[in-house]
Amino acid sequence: MDFELPEELKALKQTLRNFVDKEMIPIERNTLEGGRLKPDIEKHLKEKAKPLGLWLFDVPEELGGQGFGMLARVVVWEETSRSIALPSRAAALFSPDVSPILLGLTGALREKYLMPVLRGEKKSCFAQTEPDAGADPAGMRTRAEKTDGGYVINGSKRFITGAGTADFAQVFAKFKGEDGKDTVNCFMVDMKTPGIKLGRQLELMVDDRPWEIFFENVFVPDDQRVSSGREGAKLAQAWLNAGRLRHGARSAGVMDRCLELACTYANQRKTFGAPLADRQLIQDMIADTAMELHQLRLMVYHAAWKFDSGQDIRDEAFMCKVFGDDRSFRSASRCMQIHGGMGLSKELPIERLFRDQRSMMITEGPNEVLKMSYARRVLAKYK
Ligand SMILES: Cc1cc2nc3c(=O)[nH]c(=O)nc-3n(C[C@H](O)[C@H](O)[C@H](O)COP(=O)(O)OP(=O)(O)OC[C@H]3O[C@@H](n4cnc5c(N)ncnc54)[C@H](O)[C@@H]3O)c2cc1C
């Protein structure tokens with residue numbers, strides 16, 4: 001077994017660490033407005049990031065990207081997550097946020113929707129969650145009915161990040177197939193289509209301000225229904241796995257930062273005549289964070305290696321997301337406790353790390369639901 005990162009990835013990790021320390025951390029408390037990067041900051045950071053040569057690092061080569069392997073992607077996600085400079089759900093410094101649905105588009109749909117997103121000309125949103133269907137999307141009520149030359153969509157969506165600035169939405173709706181059974185399909189829908197209305201923008205404890213969207217007799221032409229099939233299912237699974245690894249890698253970055261902040265403060269802050277670092281209750285928190293970070297890194301790097309060698313990583317992907325999101329939240333909480341009142345202050349990044357990591361345990365699959373799916377896989381092995 002070889003636990004060393006390849007030399008080129010060690011170099012990439014160090015380069016990114018220097019970049020985050022020098023360019024992101026010093027400005028991190030002043031980069032967002034309404035949950036998004038301020039345009040001048042985005043321009044500034046993208047300019048600074050250009051020499052790193054990472055643009056489109058996670059986009060396949062046949063689409064003009066660099067097609068980095070998973071291990072390399074994990075390195076990028078982990079290192080950039082040490083800072084709160086970027087929005088936690090759209091950390092698109094080196095690449096626009098592209099869903100597997102978009103990456104899987106072919107022909108005219110690829111030209112119309114994917115390529116402009118990769119060129120930075122169009123923005124999209126991902127509209128699946130509804131008031132009655134979140135963790136369990138099968139309960140969705142939005143429906144697409146067949147009509148001449150297309151479909152008519154009626155329903156509503158909730159919690160849709162970026163809907164207010166999106167040019168088009170990837171809308172999920174129930175649709176009666178030729179066999180008479182309901183299936184969920186994705187439709188590419190331009191946000192200017194008559195019948196689409198934006199509703200409330202929700203104020204949350206995190207910076208993201210997701211939207212409600214209402215669809216009233218929205219016509220979508222036939223060719224904007226995304227047919228998935230087997231290739232689509234494979235792509236969706238690969239994306240889900242990558243998304244879960246991304247949660248794990250981001251959590252590792254957060255824990256690394258929390259450990260650094262907590263140790264620095266504990267070493268210099270004195271109470272009752274001695275540094276906090278000398279107190280066993282504080283040492284307990286530091287040791288737990290360091291151990292859990294080590295566990296998580298082993299999990300994430302191992303899963304990435306397995307992914308790159310073409311193996312099935314469904315089990316590992318579940319573990320990386322659930323363990324990572326849970327332990328990074330606990331690490332942020334310990335770091336906050338060690339800092340006392342300053343831990344709650346907006347002058348330090350801890351309160352934001354704490355809020356963001358708490359929210360990660362709910363989005364992109366609540367931990368309970370992922371554990372349920374993972375436990376079923378474990379139980380099946382003993383049948
Ligand atoms: C900041 C933010 C951004 C988001 N962005 C988007 C977006 O862009 N597009 C989009 O489509 N959605 C988005 N979402 C929605 C997100 O994916 C849902 O909030 C998530 O899937 C949970 O759904 P829900 O909130 O309806 O919770 P519910 O489905 O009502 O579940 C509530 C809780 O019940 C528990 N639970 C559920 N099922 C089980 C079970 N089987 N066993 C045990 N416990 C269970 C879990 O603890 C869960 O947290 C976003 C949400 C947030 C907070």
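When a ligand or atom number is given, it counts from 1 through the structure's own listing order.
- For T161, a nitrogen or oxygen atom sits less than 3.5 Å from a nitrogen or oxygen atom of ligand 1, counting backbone and side chain alike.
- Looking only at heavy atoms of the protein, atom 7 (C) of ligand 1 is closest to F159 O, 3.1 Å.
- For atom 46 (C) of ligand 1, the closest non-hydrogen atom on the protein side is E368 OE1, 3.4 Å.
- Distances below 4.0 Å separate heavy atoms of L204 from the following atoms of ligand 1: 1 (C).
- For residues 187-214, the set of pairs meeting the ring-ring contact (aromatic ring centres under 6.0 Å, His included) definition, not counting sequence neighbours, comprises Y151-F187.
- In terms of protein heavy atoms, atom 51 (C) of ligand 1 is closest to T363 CG2, 3.4 Å.
- By the 3.5 Å distance cut-off applied to N or O atoms, F126 is counted among the residues near ligand 1.
- Between K371 and F318, the closest side-chain pair of non-hydrogen atoms is not below 4.5 Å.
- Residues E347 and S345 bring no donor and acceptor atom of their side chains to less than 3.5 Å of each other.
- Residues in residues 258-298 take part in these ring-ring contact (aromatic ring centres under 6.0 Å, His included) pairs, two or more places apart or across chains: Y265-H339.
- Put simply, the side chain of F159 does not reach to within 4.5 Å of the side chain of E130, judged on heavy atoms.
- For CD of E216, the number of neighbouring non-hydrogen atoms (other residues, nucleotides, ligands) closer than 6.0 Å is 12 at most.
- Inter-residue side-chain proximity for R377 and R314 is flagged as met; some heavy-atom pair is nearer than 4.5 Å.
- The protein heavy atom nearest to atom 26 (O) of ligand 1 is G134 CA, 3.3 Å.
- Considering only non-hydrogen protein atoms, atom 20 (C) of ligand 1 sits nearest to I362 O, 3.6 Å.
- When heavy-atom distances to ligand 1 are checked against a 4.0 Å cut-off, Q128 comes that close through both its backbone and its side chain.
- Residues L348 and L261 are not in side-chain contact: their nearest non-hydrogen atoms beyond the backbone lie 4.5 Å or more apart.
- Residue contacts with ligand 1 for N367 are absent, since no atom lies close enough (heavy atoms, distance under 4.0 Å).
- Within 4.0 Å of atom 32 (C) of ligand 1, not a single protein heavy atom is present.
- Residue-to-ligand polar distances keep V369 apart from ligand 1: every N/O pair is separated by 3.5 Å or more.
- Annotation: atom 41 (N) of ligand 1 to nearest protein heavy atom, M372 SD, 3.4 Å.
- Taken to the nearest 0.5 Å, the CE atom of M70 stands 13.5 Å off from the NZ atom of K306.
- The closest side-chain donor-acceptor pair between Q14 and N18 falls under 3.5 angstrom.
- Closest to atom 49 (O) of ligand 1, if we only count protein heavy atoms, is P366 CB, 3.6 Å.
- Between A135 and ligand 1, at least one pair of N/O atoms sits closer than 3.5 Å.
- Ligand 1 has no N or O atom lying under 3.5 Å from any N or O atom of D208, backbone or side chain.
- Looking at ligand 1, you'll find an N or O of T129 within less than 3.5 Å of one of its N or O atoms.
- For CD of Q337, the number of neighbouring non-hydrogen atoms (other residues, nucleotides, ligands) closer than 6.0 Å is 12 at most.
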